[in-house]
Protein chains: 2
Amino acid sequence: MADLPYELVEPQNFFSFCAHCILQMMMQSDGLDLSPRKVEYLKYLRETGDCRKIGELAVHFSVDPSTVSKVVQELASAGLITHRPYGRVMLTREGTLHAEFLLRRHRILALILTHYGLKGEEACQEASRFESYVSRGAVNKICRSLGHPTKGICGSISHEPGCEL
Amino acid sequence: MADLPYELVEPQNFFSFCAHCILQMMMQSDGLDLSPRKVEYLKYLRETGDCRKIGELAVHFSVDPSTVSKVVQELASAGLITHRPYGRVMLTREGTLHAEFLLRRHRILALILTHYGLKGEEACQEASRFESYVSRGAVNKICRSLGHPTKGICGSISHEPGCEL
DNA sequence: TCCGGAAGTTGGTACATGACCAAAATATAT
DNA sequence: ATATATTTTGGTCATGTACCAACTTCCGGA
């Protein structure tokens, strides 16, 4: 952060960025920074309206609670969820935005698979296997190319501001 | 292997399978059994006409020769390549067939990415990241849906017998 | 209010993948 | 035949994702 090229942003242009946009830009990752399991956790939390318990996640993903406990701590360290020991798990604002992307990515990818003859359920499962390795940039291009569809196979697709850039 | 349901194949139908088909069927994996790095090795060996040296692979993938040496041993154990210590690396018949699939998968996936606006090089790199997690079944469906294209972006696509099934 | 069982955490282990280094072994080329 | 280049071996390490056992904390009922 020491050598930020401040000159790149002319003073007269600086205020054309609103705080929200700056936050968005800072938050935007390439979409490849989360491991597959963490992606599943975030999507699940977003889909179920978050505020889940460790045990619920453990049952849903058929893993030991201790496994969930540890991964949840990592997600909390990453600032994507909040979790006090023995407490509930819930998405932060940033985690929510990221989970929105993860769901959009999943649904876009599952959707295009159905265009190639995969059945709904099959497309969903297939997408789940590889989606973690598909970059945000690629997703946005596919999304734009499809005209930002709003209907996926396993849920509706919501488009955050910025995805069409 | 103890409890194979021999009854499932009626004696009068058994000989309708030729040895080649049986071999094919036995060899056909779901396409998800190789780690990303191993996939890269096999594709490279197939593309460069195999019979490579460890050092070449190490340079090409920018990793330590010792890393290559170990992974190569694993591929040899899996029966996909032959490799005597200090000798050349080359694909077995099975390895060649599998590498053909890996190349077809890569090129099919890169191809469809270009249909969504990704540039050639970009599509190739993107595909390389996630292709290891895309099943043979899905690839075959996409392939069939595209009418078994023969021209990919980073090479021609060859279709083994069986891919259109 | 206290207590016991349920829920969650911690610490340890395990396995796969894939990377590195240093040292030993082998091959090759002069 | 020996020096140099290549490869292998044996360690170590990091990441991701699991498990188990033991411990801690929480909560609801008597």
Side-chain angles (χ1 to χ4, degrees), chain A residues 29-45 48 50-90 95 98 102 125 128-134, chain B residues 29-45 48 50-90 95 98 102 125 128-134:
Chain A
S29 64
D30 61 4
L32 305 171
D33 37 12
L34 285 183
S35 62
R37 221 20 163 183
K38 286 182 182 137
V39 166
E40 291 303 317
Y41 284 15
L42 287 193
K43 287 194 302 176
Y44 179 77
L45 288 172
T48 56
D50 82 274
C51 208
R52 313 327 293 164
K53 293 195 298 181
I54 295 289
E56 281 178 60
L57 296 169
V59 168
H60 183 259
F61 293 106
S62 304
V63 296
D64 194 279
S66 65
T67 302
V68 177
S69 191
K70 279 162 186 171
V71 176
V72 152
Q73 283 170 32
E74 291 171 13
L75 286 170
S77 298
L80 295 168
I81 61 177
T82 57
H83 174 64
R84 300 197 332 282
Y86 302 100
R88 299 284 177 139
V89 178
M90 71 178 72
H98 199 72
L102 300 179
Q125 288 173 10
S128 294
R129 266 202 296 273
F130 69 82
E131 61 187 25
S132 299
Y133 307 99
V134 180
Chain B
S29 63
D30 61 6
L32 305 172
D33 36 14
L34 285 183
S35 62
R37 218 26 160 177
K38 289 185 181 131
V39 167
E40 292 303 317
Y41 285 14
L42 288 192
K43 286 194 302 177
Y44 179 77
L45 288 172
T48 56
D50 82 272
C51 209
R52 310 330 291 164
K53 294 196 298 180
I54 294 289
E56 281 179 60
L57 296 169
V59 167
H60 183 259
F61 293 108
S62 304
V63 296
D64 194 278
S66 65
T67 302
V68 178
S69 191
K70 279 163 186 168
V71 176
V72 153
Q73 283 169 32
E74 291 170 13
L75 286 169
S77 298
L80 295 168
I81 62 178
T82 56
H83 175 64
R84 299 194 336 282
Y86 300 96
R88 300 281 178 145
V89 178
M90 70 178 72
H98 198 70
L102 299 180
Q125 288 173 8
S128 294
R129 267 203 295 273
F130 68 83
E131 63 189 23
S132 298
Y133 308 99
V134 180

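Below, chain A is the first sequence line, B the second, and so on; all start at residue 1.
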Legend entry - Sugar-phosphate only, base, or nothing, as touched by B:Lys70 at under 4.0 Å among non-hydrogen atoms: base

Inset, instruction - Drop me the distance from A:Lys38's NZ to A:Leu42's CG, to the nearest 0.5 angstrom. - result: 9.5 Å

Length of the [atom1]-[atom2] vector between [X] and [N], whole Å:
X: A:Leu42; N: D:dG16; atom1: CG; atom2: P; answer: 14 Å
X: A:Phe61; N: D:dG16; atom1: CZ; atom2: P; answer: 17 Å
X: A:Ile54; N: C:dA6; atom1: CD1; atom2: C1'; answer: 15 Å
X: B:Asp64; N: D:dT9; atom1: CG; atom2: P; answer: 14 Å
X: B:Arg84; N: D:dT8; atom1: CZ; atom2: C1'; answer: 15 Å
X: B:Arg88; N: D:dT6; atom1: CZ; atom2: P; answer: 12 Å

Legend entry - Distance below 4.0 Å between A:Ser69 side-chain N/O and C:dT9 OP1 or OP2: yes

Inset, instruction - Using heavy atoms to find the nearest nucleotide of DNA chain D for B:Gly55 and A:Pro65 separately, return the residue whose nucleotide is more 5′. - result: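 It is B:Gly55 whose nearest nucleotide is closer to the 5' end.
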
Inset, instruction - Take A:Ser66 and A:Pro85, find for each the nucleotide of DNA chain D with the closest heavy atom, and name the residue whose nucleotide sits nearer the 5' end. - result: A:Ser66

Could you report the tightest heavy-atom contact between [X] and [Y], atom names first, then the distance?
X: B:Leu34; Y: B:Ser132; result: O-CB, 4.3 Å
X: A:Ile81; Y: A:Val72; result: CD1-O, 3.4 Å
X: A:Val63; Y: A:Val68; result: CG2-CG2, 3.6 Å
X: B:Tyr44; Y: B:Glu56; result: OH-OE1, 4.4 Å
X: B:Arg88; Y: B:His83; result: O-ND1, 3.4 Å

Inset, instruction - Mark yes or no for a side-chain to base donor-acceptor pair under 3.5 Å between A:Tyr86 and C:dT9, with no hydrogen or angle criteria applied. - result: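 Answer is no: no donor-acceptor pair is held.
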
Inset, instruction - Identify whether the distance between the nearest side-chain nitrogen and carboxylate oxygen of B:Arg37 and B:Glu74 falls below 4.0 Å. - result: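 So B:Arg37 does not pair with B:Glu74 through a salt bridge.
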
Inset, instruction - State whether the side chain of A:Ser69 and the backbone N or O of A:Pro65 hold a donor-acceptor pair below 3.5 Å, judged by distance alone. - result: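 No.
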
Inset, instruction - Please work out which residues in residues 31-41 of chain B have a non-hydrogen atom less than 4.0 Å from an atom of DNA chain D and list them by number. - result: none

Legend entry - Any residue of residues 72-83 of chain B with a heavy atom less than 4.0 Å from an atom of DNA chain D: B:Gln73, B:His83

Inset, instruction - Only one of A:Val71, A:Thr48, A:Thr67, A:Leu45 passes side-chain contact (heavy atoms from CB on, under 4.5 Å) with A:Leu57; say which it is. - result: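 Answer to the side-chain contact (heavy atoms from CB on, under 4.5 Å) test with A:Leu57 among A:Val71, A:Thr48, A:Thr67, A:Leu45: A:Leu45.
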
